[in-house]
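Presented below is the structure to which this report refers.
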Amino acid sequence: VRRGLVNSKFSKVMETPSVKESPDRELILEAIRSFDSFTGDNDPHEEHDCAIVKVKGESYMFKIDYYDLNLEY
């Protein structure tokens, strides 16, 4: 799902203003899409839903939350 990282009927991407307005926005999104360096330290529950990526020396955290199709639960 992270590889798509697009708004669709089944997913919604939320971005902070700093990411949305960044000239490096596409680089940030690609870093999130391709992130696969999960370890016991940064992913203790092995859910692959949260991490920090670095783009041009800046750190960006991503978090994936799972909801029903109505985005209620």
Side-chain angles (χ1 to χ4, degrees):
V1 173
R2 208 168 14 96
R3 295 211 184 277
L5 210 63
V6 296
N7 288 311
S8 74
K9 177 180 177 182
F10 302 108
S11 66
K12 186 171 187 172
V13 177
M14 307 293 284
E15 302 170 62
T16 61
S18 63
V19 170
K20 194 174 229 174
E21 298 167 7
S22 173
D24 297 318
R25 179 180 177 267
E26 288 303 317
L27 292 173
I28 297 164
L29 294 178
E30 182 54 35
I32 294 168
R33 284 183 192 108
S34 62
F35 184 86
D36 66 355
S37 300
F38 294 100
T39 67
D41 290 332
N42 67 16
D43 188 27
H45 302 289
E46 298 182 5
E47 294 179 354
H48 293 43
D49 64 349
C50 183
I52 294 174
V53 296
K54 286 198 174 224
V55 175
K56 294 187 174 180
E58 294 290 326
S59 297
Y60 299 90
M61 186 194 94
F62 72 86
K63 173 73 173 102
I64 299 171
D65 292 310
Y66 304 92
Y67 292 93
D68 65 352
L69 293 177
N70 293 323
L71 300 175
E72 294 178 18
Y73 305 102

Legend entry - From CG (D24) to CD (E30), nearest 0.5 Å: 13.5 Å
Inset, instruction - Output yes when a side-chain donor or acceptor of D49 lies under 3.5 Å from a complementary backbone atom of D43, and no otherwise. - result: no
Inset, instruction - Using the side chain to side chain contact (heavy atoms under 4.5 Å, CB included) rule, pick out the option among V13, L27, V53, I64 that qualifies with I32. - result: V53
Inset, instruction - Look at atom NZ of K63 and say whether more than 12 heavy atoms of other residues, nucleotides or ligands are closer to it than 6.0 Å. - result: yes
Inset, instruction - Quick one: list whatever passes side chain to side chain donor-acceptor pair (under 3.5 Å) with E58, sequence neighbours left out. - result: none
Inset, instruction - Return the minimal non-hydrogen interatomic distance between V55 and I28, and the atom names on each side. - result: CG2-CA, 3.9 Å
Inset, instruction - May I ask you to check whether over 12 heavy atoms, not counting those of E46, lie within 6.0 Å of atom CD? - result: no
Inset, instruction - Return the minimal non-hydrogen interatomic distance between A51 and F38, and the atom names on each side. - result: CB-CE2, 4.1 Å
Legend entry - Nearest-0.5 Å distance, NZ of residue K20 to CE of residue M14: 8.0 Å
Legend entry - Rounded distance [0.5 Å steps], OG in S18 versus CZ in R25: 12.0 Å
Inset, instruction - Please report the shortest heavy-atom distance between E47 and Y66, naming the atom on each side. - result: O-OH, 4.2 Å
Inset, instruction - Give the minimum heavy-atom separation between F35 and I52, together with the two atoms involved. - result: CE1-O, 3.8 Å
